**Q** 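Okay, here's the structure, questions in a sec.
This is a predicted model, so every value here is computed, not measured. Atoms within a ligand are numbered from 1 in the order they appear, just like the ligands themselves.
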Amino acid sequence: MDVGAKEERDQAWWGQRAWSLLSAVRARAPLVQCITNLVSMDIAANVLLASGASPAMVHSLREVPDFTPRCAAVYINVGTLSEDWLPSMRAAACAGRPWVLDPVAAAASGFRMEACLELLSLCPAVVRGNASEILALASRSAAASSSNFKGVDSSHGSVDAIEAAKALALSSSTVVVVSGAVDFITDGKQVVSVSNGVPMMQKITATGCAVTALIAAFVSMEPSDAIVAAACALSIFGLAGEIGMESAKGPASLRMHLIDALYYLDEEMVTSRVRISLRP
Ligand SMILES: Nc1ncnc2c1ncn2[C@@H]1O[C@H](COP(=O)(O)OP(=O)(O)OP(=O)(O)O)[C@@H](O)[C@H]1O
Ligand SMILES: Cc1ncsc1CCO
Ligand SMILES: [Mg+2]
């Protein structure tokens, strides 16, 4: 992206990009292979379906050679990692499709950290984690070294992980997303911020996993610009949360209303409410 192009990227430009990518997903229904954790399978599949994409939770190593090359994108999430799933993850990551990594609780153990670092070396288009996950990956450290480790939840604000995300993006040649109250997306040089969403989204398990699945669908529509694709997916998901919150009573009904809102988003809602900007 050159400087001239950056200057044209105002709210209206982002709103149009988000709408055109959501419209492309709805029109083309990209097939997204998900090798994801057992907690997230339902919400990730429902979020993909409500966006217009076509989810497939296929994780057998024996199916990867036939199935993965036919997918528009691959989503790999280590949330309930076990030794027998890691070979499928490796194989799917190497199948030549754009793919996205969710390093859930990367610092939980040495095994998980090593798996995340190995997957990171297999060229994901995007890595999306919460602040604690991105800080841990950037410092390549497992739980033993962190006194405030909180498992799959973050014990840091997303802003605390911007520099770590930039370093990780540069060292891994990938786009890194730190999610949180504000989501940050970086390739190591520029940083884009997304301010959609509501705090209650943290109280629904696997919203992070679900938005990473949505990022994979959006990346399949725009593989040459993963920053734009990721920012638009995060903004659309956050906007669905905002609209869902207008009818929700708590986390369980927010989950339902978020999925409904995502399904019914229209051009006016998207172009007027997307909050994406380039961080100076
Ligand atoms: N305080 C907040 N305000 C608004 N949106 C938020 C807030 N916290 C998180 N979100 C949104 O919730 C979604 C999940 O982000 P989060 O950082 O909680 O992921 P996570 O910790 O990986 O979640 P999980 O592990 O449960 O999947 C993102 O879309 C993010 O923008
Ligand atoms: C709760 C939980 N445990 C492993 S994965 C997961 C979903 C949120 O990341
Ligand atoms: Mg997570």
**Q** Out of Val198, Asn77, Val39, who gets a non-hydrogen atom closest to atom 5 (N) of ligand 1?
**A**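 Residue with the shortest heavy-atom distance to the ligand atom: Val198.
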
**Q** Which of the listed options, Leu38, Val78, Ile43, Thr205, holds the heavy atom that is closest to atom 1 (C) of ligand 2?
**A**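 Checking each option, the heavy atom nearest atom 1 (C) of ligand 2 is found in Thr205.
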
**Q** So, do Leu278 and Arg9 sit near enough that their side-chain heavy atoms are less than 4.5 Å apart?
**A**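 Leu278 does not reach Arg9 side chain to side chain.
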
**Q** Going by the atom numbers of ligand 1, which of them fall below 4.0 Å from some non-hydrogen atom of Gly197?
**A**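 What qualifies from ligand 1 is 4 (C), 5 (N).
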
**Q** Below 4.0 Å from ligand 2: does a non-hydrogen atom of Cys209 turn up there or not?
**A**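 Right, Cys209 reaches ligand 2.
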
**Q** Nearest protein heavy-atom contact for atom 12 (O) of ligand 1: which residue, which atom, what distance?
**A**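 Ranking protein heavy atoms by distance from atom 12 (O) of ligand 1, first comes Met201 CB, 3.6 Å.
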
**Q** For atom 4 (C) of ligand 2, find the nearest protein heavy atom and state the residue, atom name and distance (0.1 Å precision).
**A**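 Going by distance alone, atom 4 (C) of ligand 2 is nearest to Gly79 O, 3.3 Å.
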
**Q** What protein heavy atom lies closest to atom 9 (C) of ligand 1? Include the residue and the distance to one decimal.
**A**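 Looking at atom 9 (C) of ligand 1, the protein heavy atom closest to it is Gln202 CG, 3.6 Å.
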
**Q** Where the side chain of Asn196 meets the backbone of Arg275, is there a donor-acceptor pair that is under 3.5 Å apart?
**A**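 Yes, because the side chain of Asn196 sits within donor-acceptor range (under 3.5 Å) of the backbone of Arg275.
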
**Q** Taking only heavy atoms of Val152, which atoms of ligand 1 are found under 4.0 Å from at least one of them?
**A**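 Answer for ligand 1: 21 (O), 25 (O).
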
**Q** Any N or O of Arg128 that comes nearer than 3.5 Å to an N or O of ligand 1?
**A**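 Indeed, backbone or side chain, Arg128 has an N or O that close.
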
**Q** Distance to 0.1 Å, residue and atom name: give those for the protein heavy atom nearest to atom 2 (C) of ligand 1.
**A**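 Checking every protein heavy atom, the shortest distance to atom 2 (C) of ligand 1 gives Ala181 CA, 3.3 Å.
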
**Q** Can you find a pair of side-chain heavy atoms, one from Met201 and one from Leu258, that are under 4.5 Å apart?
**A**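 Yes; the side chains approach each other to less than 4.5 Å.
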
**Q** With a 4.5 Å cut-off on side-chain heavy atoms, are Leu122 and Trp99 touching?
**A**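 When only atoms from C-beta onward are counted, Leu122 and Trp99 do touch, with a gap below 4.5 Å.
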
**Q** Using a 4.0 Å cut-off to any heavy atom of Val104, which atoms of ligand 2 qualify?
**A**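 Matching atoms, with element in brackets: 9 (O).
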
**Q** For Ala206, is at least one N or O under 3.5 Å away from an N or O on ligand 1?
**A**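 Between Ala206 and ligand 1 (N or O atoms, distance only) the closest approach is under 3.5 Å.
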
**Q** In chain order, what residues pass the salt bridge (charged side-chain N to carboxylate O under 4.0 Å, His left out) check against Asp42, with sequence neighbours excluded?
**A**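 Counting only residues at least two positions away or on another chain, Asp42 forms a salt bridge (charged side-chain N to carboxylate O under 4.0 Å, His left out) with Arg255.
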
**Q** Please write down residue, atom name and distance for the protein heavy atom closest to atom 6 (C) of ligand 2.
**A**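 Of every protein heavy atom, Val39 CG2, 3.7 Å lies nearest to atom 6 (C) of ligand 2.
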
**Q** What do you reckon, does Gly208 have a nitrogen or oxygen under 3.5 Å from a nitrogen or oxygen of ligand 1?
**A**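 Min N/O separation from ligand 1 is below 3.5 Å for Gly208.
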
**Q** Going by the side chain to side chain contact (heavy atoms under 4.5 Å, CB included) test, name the single residue among Val175, Val177, Leu137, Ile215 that passes it with Val127.
**A**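 Exactly one pass, corresponding to Leu137.
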
**Q** Note the single closest protein heavy atom to atom 29 (O) of ligand 1, along with its residue, its atom name and the distance in Å.
**A**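 Result: Phe237 CD2, 3.4 Å.
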
**Q** Are any of the N/O atoms in Thr205 less than 3.5 Å from those in ligand 1?
**A**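 Between Thr205 and ligand 1, no N or O pair is found under 3.5 Å apart.
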
**Q** For a 4.5 angstrom cut-off between non-hydrogen side-chain atoms, does Leu31 reach Gln33?
**A**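 Result no, sub-4.5 Å side-chain heavy-atom pair not found.
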
**Q** Should Asn130 be counted as touching ligand 1, given the test is an N or O pair under 3.5 Å?
**A**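 The answer is yes, given that Asn130 and ligand 1 share an N or O pair closer than 3.5 Å.
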
**Q** Let me know which of Thr212, Asn37, Asn130 forms a side-chain hydrogen bond (donor to acceptor under 3.5 Å, both in side chains) with Asp102.
**A**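 Only one option passes, and that is Thr212.
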
**Q** Go through ligand 1 atom by atom and flag the ones less than 4.0 Å from a non-hydrogen atom of Ser179.
**A**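 Listed by number with element, the hits are 15 (O), 16 (P), 17 (O), 19 (O).
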
**Q** For atom 30 (C) of ligand 1, which protein heavy atom lies nearest, and how many Å away is it?
**A**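 Checking every protein heavy atom, the shortest distance to atom 30 (C) of ligand 1 gives Asp183 OD1, 3.5 Å.
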
**Q** So, do Val78 and Phe111 sit near enough that their side-chain heavy atoms are less than 4.5 Å apart?
**A**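 No, too far: nothing below the 4.5 Å cut-off.
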
**Q** Out of Ala44, Gly238, Gly151, Gly180, whose heavy atom is nearest to atom 10 (N) of ligand 1?
**A**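 Checking each option, the heavy atom nearest atom 10 (N) of ligand 1 is found in Gly180.
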
**Q** Applying salt bridge (charged side-chain N to carboxylate O under 4.0 Å, His left out), can you list everything that pairs with Arg273, at least two apart in sequence or on another chain?
**A**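 With sequence neighbours excluded, Arg273 shows a salt bridge (charged side-chain N to carboxylate O under 4.0 Å, His left out) to Glu242, Glu246, given in chain and number order.
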
**Q** Within this structure, what is the CG-CZ distance for the pair Leu81 and Arg112, rounded to the nearest 0.5 Å?
**A**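 With rounding to 0.5 Å, CG (Leu81) is 6.0 Å from CZ (Arg112).
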
**Q** Evaluate the criterion side chain to side chain contact (heavy atoms under 4.5 Å, CB included) for residue pair Trp14 and Val228; output intermediate values, then yes/no.
**A** CA-CA 8 Å; Trp14 283 107; Val228 167; 4.0 Å; yes

**Q** Just which atoms of ligand 2 are under 4.0 Å from any heavy atom in Val152?
**A**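 Listed by number with element, the hits are 1 (C), 2 (C), 3 (N), 4 (C), 9 (O).
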
**Q** Is any side-chain heavy atom of Pro124 closer than 4.5 Å to a side-chain heavy atom of Val100?
**A**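 Not in contact.
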
